[in-house]
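By convention in this document, chain letters (A, B, ...) are assigned in the order of the sequence lines, proteins followed by strands, and residues within each chain are numbered from 1.
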There are 2 protein chains.
Amino acid sequence: MNERSSKSLSGSLAFGSEHNHSLCIEEALDHAKRVCEEGGERFTNLRRQVFELVWAEHKPVKAYDLLSALASKRSGVAPATVYRTLDFLQAQGLVHRLESLNAYLGCSHPETDHQGHFLICENCEEVRELELGAFMQSIAAVEDAQDFRVRRMTIELFGLCKRCQAANSGPDPTLP
Amino acid sequence: MNERSSKSLSGSLAFGSEHNHSLCIEEALDHAKRVCEEGGERFTNLRRQVFELVWAEHKPVKAYDLLSALASKRSGVAPATVYRTLDFLQAQGLVHRLESLNAYLGCSHPETDHQGHFLICENCEEVRELELGAFMQSIAAVEDAQDFRVRRMTIELFGLCKRCQAANSGPDPTLP
DNA sequence: TCACGTGATGTTATAATATAACAATATGTG
DNA sequence: CACATATTGTTATATTATAACATCACGTGA
Ligand SMILES: [Zn+2]
Ligand SMILES: [Zn+2]
Ligand SMILES: [Zn+2]
Ligand SMILES: [Zn+2]
């Protein structure tokens, strides 16, 4: 817990690495606030609270879990509250939706305009957001070969992260 | 409607191409029957009916739409009927689920063991299943770089197919 | 043939996810 | 302050999916 934080958010951690998550959240909040200001949008209390809850862990969060957590912080919380706020955060590029999981995740590099690509560990549930690049070339090739123009995409790769590969060969041997 | 049908199912059509869909369905049914027999599974009436409904068009189908269509063909149809049957067909590799759409699609090359990769036209809804290859290289590179072992994946690329790119610049100008 | 075990289907109930529609409130601007 | 607009609250409902248990169908061996 004494890491160097450069221009990339601390949230862009590699699987299994330690990092200062308080700092990570703080940076993410600062960033979110700035993104909203620059876009002429308001980073209201509600939006900040939801954003914090999404960022509480580097794991996908379900809308109704957010709902419960949020309800313990403020009154008058209904599904629409959560979904609307998630929609807003997604529109600002601050949060991604994981289609295969019906879940949401804070974006780890919101400074760039991008679609999310994800590695999702089936054992520990940790999610790593890939930075663009690796796939862009093959996608360009597909567009070319198929006469298809890609406008958005869902790329979610499920498997085992380094730690969980090492830790086992079977399921969950009490992870850290 | 006079096409050549080689070893690849007629369902492996390119976007916008014409093809003999009766033949396409017939082939798909034959194939499904064979897959089940070889796996020691029964291709029952229910399973055949659901399979036919999924193959009715080269478009994703929603579970509850299948439910309605199926209910007009037999009695005692409930959600569980449909979901169970879809689960079975997916397990046999005959049908894929599109996570981003909560919808299902007949597999266009069930002879090979594979995950589905899809191009989905946002305008005409036609879906083209990519054959593996284009992505495998970049996925291997990601696995290597990230110390992550991929076991399954969701890859769904949304955009405009050739026909819809040509036809417009805006939305739906009454397609064929 | 028929008892039996298994897999398939039917049936009922409910869980989990998401949106619609409209009312009330907050915020900034002139 | 009056007004327009964005945000949030509130109620109801739509959509998607699963659980749990009952019944039926099919093959196998007594
Ligand atoms: Zn963190
Ligand atoms: Zn991102
Ligand atoms: Zn066809
Ligand atoms: Zn397929």
Donor-acceptor side-chain pairing of [X] and [Y] below 3.5 angstrom:
X: B:S138; Y: A:S138; result: yes
X: B:R74; Y: B:N45; result: no
X: A:E99; Y: A:T154; result: no
X: B:H96; Y: B:E129; result: yes

Can you tell me how the ring of B:W55 sits relative to the ring of B:F51, calling it parallel under 30°, perpendicular over 60° and tilted otherwise?
tilted
Give the ring-plane orientation class for B:H19 versus B:H21, where under 30° counts as parallel, over 60° as perpendicular and anything between as tilted.
tilted
Gap between atoms [atom1] and [atom2], on [X] and [N] respectively (whole Å):
X: A:N45; N: C:dT25; atom1: CG; atom2: P; result: 18 Å
X: A:F43; N: D:dT7; atom1: CZ; atom2: P; result: 13 Å
X: A:L89; N: D:dT8; atom1: CG; atom2: P; result: 10 Å
X: A:L46; N: C:dT25; atom1: CG; atom2: C1'; result: 13 Å
X: A:Q92; N: D:dA6; atom1: CD; atom2: C1'; result: 13 Å
X: A:L86; N: C:dA18; atom1: CG; atom2: C1'; result: 11 Å
X: A:L67; N: D:dT8; atom1: CG; atom2: C1'; result: 14 Å
X: A:D65; N: C:dA18; atom1: CG; atom2: C1'; result: 15 Å

Check whether more than 12 heavy atoms from other residues, nucleotides or ligands sit under 6.0 Å from atom CZ of A:R149, and answer yes or no.
no
So if I take residues 71-78 of chain B and measure heavy-atom distances to DNA chain D, which residues fall below 4.0 Å?
none
Close aromatic pair by centroid cut-off 6.0 Å: A:H117 and A:F135:
yes
Taking the six-membered ring for Trp, is the centroid-to-centroid distance between A:H109 and A:H31 below 6.0 Å?
no
Starting at the 5' end of nucleotides 15-25 of chain D, put B wherever the base has a protein heavy atom under 4.0 Å, S where only the sugar-phosphate does, and a dash everywhere else.
-BBBB------
From D:dT7, C:dA8, D:dG9, pick the nucleotide closest to the side chain of A:T44?
D:dT7
With a 4.0 Å cutoff (strictly under), does any side-chain N or O of B:T85 reach OP1 or OP2 of C:dT9?
no
